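Scroll down for the structure; my scribbles are underneath it.
Remember, predicted model here, so these are calculated numbers, not experimental data.
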Amino acid sequence: DPPLRAAAWAEMHRVLRPDGVLVVVDFTLPERPGRMSRLAGAVIAGIERRAGWMHPPHYANYRALMAYGGLTAWISAHGGRVVAERHHFWGNLGVVVVAAR
């Protein structure tokens with residue numbers, strides 16, 4: 001839910017110390033998708049789709065995040081400063097360290 005994501009983002013920034021960082025783990029889009037990254041992305045999308053059977057807004061939110069460009073794109077677009085990032089599962093899962101402004 002975009003309003004909930006924005007509210008959580010604002011609260012995280014509110015509670016961080018000025019020199020603090022936030023570690024976020026979520027889905028990302030591979031920079032150079034190859035066969036394995038596309039396969040891994042399809043596995044994730046399938047799991048997310050099945051989660052959507054239980055709670056349809058969940059899958060809709062996943063699709064919206066991916067259409068946005070994934071976690072890193074969302075953070076950058078909302079004023080976050082990415083300090084470090086590592087990608088796993090062939091680029092489909094990101095661990096991102098964000099500075100507190």
Applying a strict under-4.5 Å side-chain criterion to I, L, V, M, F, W and Y, I'd like to know whether Val25 and Ile75 cluster together. no
Contact between Val98 and Met12 at the side-chain level, heavy atoms closer than 4.5 Å - yes or no? no
Can you get from Leu29 to Ile44 by hopping between Ile, Leu, Val, Met, Phe, Trp and Tyr side chains that sit under 4.5 Å apart? yes
Go through it in stages, so that I can follow the logic: the residues are Glu31 and Thr72, the test is side-chain contact (heavy atoms from CB on, under 4.5 Å), and I'd like the CA-CA distance, side-chain angles, deciding distance and then a yes or no. CA-CA 11 Å; Glu31 287 185 22; Thr72 309; over 6 Å; no
Can you hop from Leu71 to Val95 via hydrophobic side chains spaced under 4.5 Å? no
Any donor-acceptor N/O pair, Ser76 side chain to Ala73 backbone, under 3.5 Å: no
Would you name the heavy atoms of His58 and Ala51 that are closest together and state the gap between them? CD2-CB, 3.6 Å
Do Trp74 and Asp26 pass the side-chain contact (heavy atoms from CB on, under 4.5 Å) test, and can you show the C-alpha distance, the side-chain angles, and the key distance before you say yes or no? CA-CA 11 Å; Trp74 191 91; Asp26 209 334; over 6 Å; no
Could you grab the distance from atom CZ of Arg14 to atom CD of Glu11, nearest 0.5 Å is fine? 4.0 Å
Can you get from Trp9 to Val97 by hopping between Ile, Leu, Val, Met, Phe, Trp and Tyr side chains that sit under 4.5 Å apart? no
Tyr62 vs Tyr59 aromatic rings, parallel, tilted or perpendicular, using cut-offs 30° and 60°? parallel
Arg5 vs Leu65, side-chain contact (heavy atoms from CB on, under 4.5 Å): CA-CA, chis, key distance, verdict: CA-CA 10 Å; Arg5 188 179 299 130; Leu65 178 66; 4.1 Å; yes
Euclidean distance, Arg86 CZ relative to Thr28 OG1, rounded to 0.5 Å: 13.0 Å
Do Met36 and Leu93 belong to the same hydrophobic cluster, where Ile, Leu, Val, Met, Phe, Trp and Tyr are linked whenever their side-chain heavy atoms lie under 4.5 Å apart, directly or via other members? yes
